[in-house]
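Here's the structure we're looking at; comments come further down.
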Amino acid sequence: MDPLPNPSPLATRLRNTLVRYHGIADGEWRVAKKTKDATVWRKPSEEFSGYLYKAQGVVEDVANRIVDHIRPGPYRLDWDSLMTSMDILETFEENCCVMRYTTAGQLWNIIAPREFVDFSYTTSYADGLLTCGISLDYEEVRPNFVRGFNHPCGWFCVPLKDCPSHSLLTGYIQTELRGMLPQSAVDTAMSSTLANFYSDLKKALKS
C-alpha cells in the first residue's frame, strides 16, 4: 500500500493527460453505443489491455452545476445508480481530494460490486470545468469487494457558444475492473453505463 502522493504534481500530470486525450483525432475512435442522450466511442487504452472510452452529449444546464453533480460530494450518491457509497478520505484543497467509493454489481452480478480509491481534482478548462481522477493503491480493501482501478479519467464540461445555458459534456473513462471477468462482459457494461450516466444526470438536474 502506497503513501499518499504529493497532490500538486499529480493534479498537473492528470490534467495534462486528460487534455491530451481530448485532442485525440476523431478518426481514432470507434462508436460503441449511441442513444438519444449521448454517443460513446472507444479505442485501445495506452494504460492497460482494455479500452479508453469517450462519451459525449449536450446537457441542458450550466457547467458549474453539472460538475457539482459529477465530482465527489453530496449530489453524486443521490442520482448515480451505480455508486453505492462514497467517503472523502483526505481533502487537500477545496478542489482536490482522495475518495473511496463502491459500485453495485452489474450484468446480473456477473460483475460483482467493486471498490475504488481515487484521487480527484477539479479545475477550470476553456470557459468551463474539468473534473478528473485516477486510482491510488491506498487503504485496505474491504471484505466482499474487488478493488478496481481507474486509469486517468475525467469530464470536460464547456458551455455551448451559441447557447450558454447548455453545456457539452465529454468524458474519458478507462476502468480496469480486475477480478476474473470475460472482457466482452466488461465492454458491454462500460458502454451501457456511460450512456445511462447521461440520462440519469439529466433527470437529476431537472428534478
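All of these numbers come straight from a predicted model, not from anything done at the bench. Numbers for residues simply follow the sequence, beginning at 1. The analysis underlying the following values was restricted to heavy atoms, covering all of them including side chains, and did not include hydrogens, waters or symmetry mates.
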For [X], I'd like to know if atom [atom1] has over 12 heavy atoms of other residues, nucleotides or ligands within 6.0 Å.
{"X": "Glu28", "atom1": "CD", "value": "yes"}
{"X": "Phe145", "atom1": "CZ", "value": "yes"}
{"X": "Asp26", "atom1": "CG", "value": "no"}
{"X": "Asn144", "atom1": "CG", "value": "no"}

Exercise for review: Carefully, step by step, assess Val67 and Trp155 under the rule side chain to side chain contact (heavy atoms under 4.5 Å, CB included).
Suggested key: CA-CA 8 Å; Val67 169; Trp155 296 91; over 6 Å; no
Review point. Any side-chain donor paired with an acceptor under 3.5 Å for Thr39 and Gln56?
Key: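 Side-chain D/A pair, Thr39 to Gln56: absent.
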Exercise for review: Take Leu130 and Cys132 through the side chain to side chain contact (heavy atoms under 4.5 Å, CB included) test and state the conclusion after the steps.
Suggested key: CA-CA 6 Å; Leu130 162 64; Cys132 48; 4.2 Å; yes
Would you compute the distance between atom [atom1] of [X] and atom [atom2] of [Y] and round it to the nearest 0.5 angstrom?
{"X": "Met99", "Y": "Thr91", "atom1": "CE", "atom2": "OG1", "answer": "11.5 Å"}
{"X": "Asp78", "Y": "Asp200", "atom1": "CG", "atom2": "CG", "answer": "12.5 Å"}
{"X": "Tyr101", "Y": "Met86", "atom1": "OH", "atom2": "CE", "answer": "8.5 Å"}
{"X": "Cys157", "Y": "Leu169", "atom1": "SG", "atom2": "CG", "answer": "5.0 Å"}
{"X": "Lys43", "Y": "Ile24", "atom1": "NZ", "atom2": "CD1", "answer": "4.5 Å"}
{"X": "Lys202", "Y": "Asp37", "atom1": "NZ", "atom2": "CG", "answer": "4.0 Å"}

Review point. With under 30° as parallel and over 60° as perpendicular, where do the rings of His22 and Phe156 fit, or are they tilted in between?
Key: parallel
Review point. Should the pair Tyr53 and Tyr51 be assigned to parallel (<30°), tilted (30 to 60°) or perpendicular (>60°) ring geometry?
Key: perpendicular
Look at the side chain of [X] and the backbone N and O of [Y], then say whether any donor-acceptor pair between them is shorter than 3.5 Å.
{"X": "Gln174", "Y": "Pro152", "result": "yes"}
{"X": "Arg76", "Y": "Pro74", "result": "no"}
{"X": "Arg42", "Y": "Leu52", "result": "no"}
{"X": "Arg65", "Y": "Leu205", "result": "yes"}
{"X": "Arg15", "Y": "Tyr125", "result": "no"}
{"X": "Thr102", "Y": "Ser85", "result": "yes"}
{"X": "Asn196", "Y": "Ser192", "result": "yes"}
{"X": "Thr175", "Y": "Asn150", "result": "no"}
{"X": "Asn95", "Y": "Thr123", "result": "no"}
{"X": "Asp87", "Y": "Leu89", "result": "no"}

Tell me the closest heavy-atom pair linking [X] and [Y], and the distance in Å.
{"X": "Phe116", "Y": "Arg147", "answer": "CA-CD, 4.2 Å"}
{"X": "Leu10", "Y": "Leu136", "answer": "CD2-CD2, 4.2 Å"}
{"X": "Tyr198", "Y": "Ala55", "answer": "OH-O, 3.0 Å"}
{"X": "Val146", "Y": "Leu177", "answer": "CG1-O, 3.9 Å"}
{"X": "Ala63", "Y": "Gly128", "answer": "CB-CA, 4.4 Å"}
{"X": "Lys33", "Y": "Ser191", "answer": "CD-O, 3.6 Å"}

Check your understanding: For Glu176 and His151, what are the C-alpha separation, side-chain angles and deciding distance, and is it a side chain to side chain contact (heavy atoms under 4.5 Å, CB included)?
Key -> CA-CA 7 Å; Glu176 195 170 347; His151 297 279; 2.7 Å; yes
Review point. Passes side chain to side chain contact (heavy atoms under 4.5 Å, CB included), Glu46 versus Arg20? Steps please.
Key: CA-CA 12 Å; Glu46 300 165 12; Arg20 185 166 60 79; 3.2 Å; yes
**Study point:** Proximity of Phe197 and Trp79 rings by center, below 6.0 Å
**Key:**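 That pair passes the under 6.0 Å test.
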